[in-house]
Amino acid sequence: MNRITWNQLKLPIKEISLDIILPSGQSFRWKKHGDEWVSVLNELIVILRQEDDHILYRSIPSQARATLTTPIDVESVLQDYFNASIKLSKLYREFGARDKYFKTIAPLFSGIRILRQDPWETLCSFICSTNNSIKRITQMIDSICLTFGTYVATYDGVAYYTFPRPEDLCASGSVVQKLRELGFGYRAPYVYKTALQVHEWQLLGHELAELRGSSYEKVREFLMELPGVGPKVADCVCLMAFDCHSSVPIDTHMWNIVQRRYAKDAKIRPSKSKTLSKSTYDDISSHLRGLWGDYAGWAQSVLFISELRKNA
DNA sequence: GTCAACCCTACCAC
DNA sequence: AGTGGTAGGGTTG
């Protein structure tokens, strides 16, 4: 029945741990079926399987579109998506040399890499992430795709859809109401207004992806203009979609770690405040950027996940 | 002494 | 598990 053959991903197994990366709050689009991870990338279903010493993948093209005429090099798509050119083991060594705490944590969480995700999908997803849990965000993203996305194909009894483009969410004001019905709450107008702005920008001939060449500061500034995007969301999107590897998002988990382990070095005054001020946020973020270096965001994600697992 | 121009914390709705 | 907005206090020049 299924004659699609498996291919072997050209990325050393030590460099990647699917079970840690895929469900830990970077992407909210991967579903696990048995020992397979399934998602939609570039309008086609991608299936991943982690074996003992390598990762296998295969893909299913969109049934809704005639993509057969333009074959997609899935290996390239995955190399790009996993930032495969970045050598994780080297980064871990460097982080460990710079930071004693990282050195103690890292061995327990190997293969954590930053994904290079679609800018719009990432932006939209992280606007939805505020004051929210991975489980619920995943649910929301699932329903926004089902409601506003395009059908791709069905695999293992599950229908897969693309992530809606900005214009798909600009149809009318009823989008906000629909999003509220889907459980987006106060995030509904943020998503809608941001879609409107991004679409307008696209009509001017721009694409979010073109910002990938810009500096971290430029991208961050641009993103923070958008409704529902503050420092934390901007930093997540910078890191996970715009190649700003030095961006260090400080969420509540990182804030806990900083207070516990880095407060003295980061010169954090012992405030009892539960919330981060903008300036304290920037102080912490740049301190960690100085500590970990150009790929600080990659170190952040290791500690973030260690904290996530601890509380789970 | 007073007054913008901040910047911070707290607080709450979304 | 954040953002946007407000109020109230502190600091600076």
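Everything quoted here is computed from the prediction, not taken from an experiment.
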Cationic N near anionic O, under 4.0 Å, A/K178 to A/E181: yes

Short N-O contact, A/R58 and A/E36, less than 4.0 angstrom: yes

Pairwise 5' ranking along DNA chain C for A/I137 and A/K278, keeping only the more 5' one: A/I137

Sugar-phosphate only, base, or nothing, as touched by A/G228 at under 4.0 Å among non-hydrogen atoms: sugar-phosphate

Out of C/dT3, C/dG2, B/dC14, whichever nucleotide has its closest atom nearest the side chain of A/R180: B/dC14

Heavy-atom closest pair, residues A/A234 and A/M224: CB-CG, 3.6 Å

Nearest-angstrom distance from the residue atom CD of A/E225 to P of C/dG4: 11 Å

Sugar-phosphate only, base, or nothing, as touched by A/P231 at under 4.0 Å among non-hydrogen atoms: sugar-phosphate

Salt-bridge contact A/D235-A/K232 (side-chain N to carboxylate O under 4.0 Å): no

OP1 or OP2 of C/dT3 under 4.0 Å from side-chain N/O of A/T130: no

hbond_proxy A/Y186 side chain to C/dG2 base (donor-acceptor, 3.5 Å cutoff): yes

Residue A/K232, side-chain atoms from C-beta onward, closest of C/dT3, B/dC14, B/dT9: C/dT3

